[in-house]
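Remarks on the structure that follows.
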Amino acid sequence: MQRLPISEVRTDLEKKFSANHVTILVGETGSGKSTQVPQLILGLNNGKEKIAVTQPRRVAAINLAKRVADETKTTLGQDVGYTVRFQNMSSPKTKIKYLTDGMLLRELLLRTNLDQYTTIILDEAHERTIITDLLMGFLKTLLQRRKNLRLIVMSATIDADKFSRFFDGAEVLYVQGRRFPVQRYYLTKPVEDIVDATVRTAIQIHAREPMGDILAFLAGQEDIDKAVDILNDMIQSLPKGVPNLIALPLYAALPPQQQQKVFEKVAGNERKIIIATNIAETSLTISGVRYVIDGGTHKVKVWRHDLGLDSLLTMPISKSNAAQRMGRAGREAAGKCYRLYTETDYYGLKSQSEPEIERCDVAFPILTLKLAGVSDVLGWNWLERPSKAAIMSALMQLYALKALDDEGQITELGKKMAVLPLPPHLSAVLLDAYQKGIADPVLDVVSCLSIENLIMNPHPDKRDEVYEKRLPFITASGGMGDLVVLRNYVQHYRSLSSSSERKEWCKEVYISYRAMSNVEDIRNQLNSYLKAESTNIHAEDKSVQLGPSILNEQIIQCFLTGFVANTALSLPGKMYRTIAGGQTINIHPSSSVFGKNVDAIMYTEYIFTTKAYARNVSPIDLEWLQRKAPHFLGRRTAGDD
DNA sequence: GAGCACTGC
């Protein structure tokens, strides 16, 4: 084992792990807990243990498995391995298996009571993803049945009391991290313009501080691009003899090649400044950073169950986020962190961000519970229970999708929906399409919708050029809307024979090649699940016999099965009014339906940024709506304004 | 006429 802080308390940990069913292990970053604890457990029982270690992210699971296989001098995939979506590097005799939390949840629901494991380690529990939260609830029940199962909950913050209380007073252990000191600086009074403050701080560091890269955190793409532009202008007028400064943006929607630039080393007499969203807080680690500038905010998606609307809000970060950001300056040497808020403001921050499950649509978690046989979802042992209203809204949605029956029991259809790796609404669409014999084309669209950042935004000076290349695909949709346009893209991509042609075309239309190949993986996986899970529905694929416009119409009607609540009727002035809630809604300007005059629309996303926007929009016939949702239209004509 | 954090199956 490597000599990391954890090795100093090794015997102590061994004793506790042997004695306790459940242990909460708090360790700072750099404590080596993710690589060392599994090896330590393995040694407890002469190598007879089977250990699952969960991670919230795929890359983390893969990299940790590689490191531990290295350290133990074994071949990856044998004693030490990993399982993530689309990749399985493990065998039945694997002793330490790293997997994404989603994978463990799937194993729990589909196959076993996790009988194949003797120890489960939930890592990064403090991130409080929906899936980790669900796993904790399920494991609490499972521990009562499986007396020989050991659970270790690992967390990076001191918010361990909550986990301890949840597991009936489980013992909390601490291990030290190996980190370099980071000096903190606060503002003496708050600033108005965060972009300006970031730029000025960066220039000051560059002028006064020894070499070392700078990492700055801002909330969104707009602020980041603005700050990068200003810095690049200022760099032009730096006096001679001052070292060069290179400003780089970093956010998820940036094309992969541009993201890659932040990892490239700069020359000895240069300094880079990376201006990033919270992608650099946990997901990506950049070496060489000595200075952190913390803007103090991030964007958070908050689901309004009363409106059926997501809103994307800029909110203050938590103390835990601030600590994580600061830590980015002290990974390799002592560093400095400049917080662009006052010390008083800092003390006013929440200690933790709100867990995902409290601010998201819980249709998926509720359906998962129902599949696991939980009938009283309100009374389930939630680590954090969503509000009653949120749970009720999820139950209503699932009922409308026919996943639940009148008694709230899961239906056969609901079971099929729950095992598809899709949000419930999209599962409903796909199963409907399968039954109608048009799963094949609908799979194209559903796969696109389950990928983020597929269609990218070109930089303003390339916009016209890119739009021109996209135009034929929009024209070919015959005004049938964005879902059909998406399918046209996929089909064209697939018609290209070589990967170099595909890459070339993706570049032209500014579609992410990486995301597009992911679309194909998802499509294949969904296709095989459909065939395996739906053997009792014998549906011939008849999509090839249909003419294109009839087929497109049927595709949209399948989507209406899942998204009938996401429909709106035309109002004067290019606005629409939602059928379910009566709110005004605008078609997003990125849509192919933007600026068109249609009677009614259906959309797969309803999000509030500066206004309420419908995204992925398709025009629909009022007649279809009358057939699918007479209750919605009936209520309107009754006039209950 | 927008411009939107991040994950996971």
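Labels below follow one simple rule: chain letters A, B, ... track the order of the sequence lines, proteins then strands, and each chain is numbered from 1.
In the set dC9(B), dG3(B), dC6(B), dC6(B) carries the atom at the smallest distance from any side-chain atom of Ala252(A). Distance from the side chain of Ile131(A) is smallest for dG8(B) among the nucleotides dC6(B), dG3(B), dG8(B). When distances are taken from the side chain of Ser590(A) to each of dA2(B), dC9(B), dT7(B), the shortest belongs to dA2(B). When the nucleotides dG3(B), dT7(B), dC9(B) are ranked by their closest atom to the side chain of Glu356(A), dT7(B) comes out on top. Closest to the Glu452(A) side chain, of the nucleotides dA2(B), dT7(B), dC4(B), is dT7(B).
In this structure, Ile224(A) atom CD1 and dG3(B) atom P are separated by 16 Å, rounded to whole Å. Following rounding to the nearest Å, Ile522(A) (CD1) and dG8(B) (P) show an atom-to-atom distance of 11 Å. One interatomic measurement links the two molecules: CG of Asn453(A) to P of dG8(B), which rounds to 13 Å at whole-angstrom precision. In this structure, His298(A) atom NE2 and dC6(B) atom P are separated by 12 Å, rounded to whole Å. When the C1' atom of dC9(B) is taken as reference, atom CE of Met417(A) falls 15 Å away, rounded to whole Å. Rounded to whole angstrom, the span from the CG atom of Asp521(A) across to the C1' atom of dG8(B) amounts to 15 Å. Atom CZ of Arg128(A) and atom P of dA5(B) are 25 Å apart (whole Å). Between the CG atom of Asn457(A) and the P atom of dA5(B) there is a distance of 10 Å, rounded to whole Å.
Both tests pass for Arg339(A) against the ring of Tyr346(A): distance under 6.0 Å to the centre and angle within 45° of the axis.
Remark: Leu483(A) CG to Phe563(A) CZ distance equals 8.5 Å, nearest 0.5 Å.
Using a 4.0 Å heavy-atom distance criterion, Arg463(A) is classed as a base contact. Backbone-only contact: Thr277(A) has heavy atoms under 4.0 Å from sugar-phosphate atoms and none from a base. Residue contacts shown for Thr314(A) are absent, as no nucleic acid heavy atom lies under 4.0 Å away. Heavy atoms of Glu281(A) sit nowhere under 4.0 angstrom from any nucleic acid atom. When heavy atoms are screened at a 4.0 angstrom cut-off, Leu422(A) is found touching base atoms of the nucleic acid. Tyr606(A) comes within contact range of no nucleotide atom at all, as no heavy-atom separation falls under 4.0 Å.
Of the side-chain N and O atoms in Thr100(A), one or more sit less than 4.0 angstrom from OP1 or OP2 of dC9(B). Between dG3(B) and Thr609(A), a contact under 4.0 Å exists linking OP1 or OP2 to a side-chain N or O. An OP1 or OP2 oxygen of dA5(B) is reached within less than 4.0 angstrom by no side-chain nitrogen or oxygen of Lys301(A).
Between Glu520(A) and Arg523(A) there is no salt bridge, since none of the side-chain N atoms of the basic residue sits less than 4.0 Å from a carboxylate O of the acidic one.
Looking only at atom types and distance, the side chain of Thr54(A) has no donor-acceptor partner in the side chain of Asp101(A) under 3.5 Å away.
Along DNA chain B, the nucleotide nearest to Ile607(A) and the one nearest to Arg85(A) differ in position, and the one closer to the 5' end is contacted by Ile607(A).
Judged by distance alone with a 3.5 Å cut-off, no donor-acceptor contact links the side chain of Arg58(A) to the base of dC9(B).
Between Phe594(A) and His588(A), the distance from one ring center to the other does not fall under 6.0 angstrom. Aromatic rings of Phe138(A) and Trp380(A) (six-membered ring for Trp) have centroids within the 6.0 Å cut-off, being under it.
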